[in-house]
Amino acid sequence: MYLLDRNGWYLERIIFFMAGIFILVSTLLAVVHSIWWLIWTTLVGLNLVILSLTGFCPAAVMLARLGIKGRLGKSE
């Protein structure tokens, strides 16, 4: 079983947390308000696929500029 380090909030952990929150919120909004909120869910999923294929994540760039350090790789 693979477990992430739970000591502190580092860049990669924050990215996973943000993606999870965005997906849950957009899914809830799609159920409660409008099906069009699923576009947000799709964009988050697409960003996760792009991250896994290329290693580039716009949210990681913003968080790194705020001074949050990563543990799994380079965070520039």
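Residues passing the side-chain hydrogen bond (donor to acceptor under 3.5 Å, both in side chains) test with W37, sequence neighbours excluded: H33. Applying the ring-ring contact (aromatic ring centres under 6.0 Å, His included) criterion to F22, with sequence neighbours excluded, gives W40. Annotation: side chain to side chain contact (heavy atoms under 4.5 Å, CB included) contacts of L28 (sequence neighbours excluded): V32.
Atom CZ of residue F16 and atom CG of residue L11 lie 10.0 Å apart, to the nearest 0.5 angstrom. The CG atom of L38 sits 6.5 Å away from the OG1 atom of T27 when rounded to the nearest 0.5 Å. The distance from the CE atom of M62 to the CE atom of M18 is 5.5 Å, given to the nearest 0.5 Å. Atoms CG and CD1, from L29 and I35 in turn, are 11.5 Å apart once rounded to the nearest 0.5 Å. In this structure, CG in L24 is found 9.0 Å from OG1 in T41, a value given to the nearest 0.5 Å. Atoms CG and SG, on L63 and C57 in that order, are 8.0 Å from each other to the nearest 0.5 Å.
Across all non-hydrogen atoms, the minimal contact from Y10 to N7 is CD2-O, 4.4 Å. Contact record, I68 with W9: CG2-O, 4.3 Å, taken as the closest heavy-atom pair.
Here the side chain of R13 pairs a donor or acceptor atom with the backbone of G8 at under 3.5 angstrom. For E12 (side chain) and G70 (main-chain N/O), no donor-acceptor pair under 3.5 Å exists by modelled atom type. Of the possible donor and acceptor atoms, none in the side chain of S34 sits under 3.5 Å from a partner among the backbone N and O of A30.
Both W36 and L43 are members of a single hydrophobic cluster when ILVMFWY side chains are connected at heavy-atom separations under 4.5 Å. Linking Ile, Leu, Val, Met, Phe, Trp and Tyr whenever their side-chain heavy atoms come within less than 4.5 Å puts F17 and I23 in one cluster. A continuous path of ILVMFWY side-chain contacts below 4.5 Å connects I14 to V25, so both sit in one hydrophobic cluster. At a threshold of 4.5 Å between side-chain heavy atoms, the hydrophobic network of Ile, Leu, Val, Met, Phe, Trp and Tyr places V44 and I39 in two separate groups.
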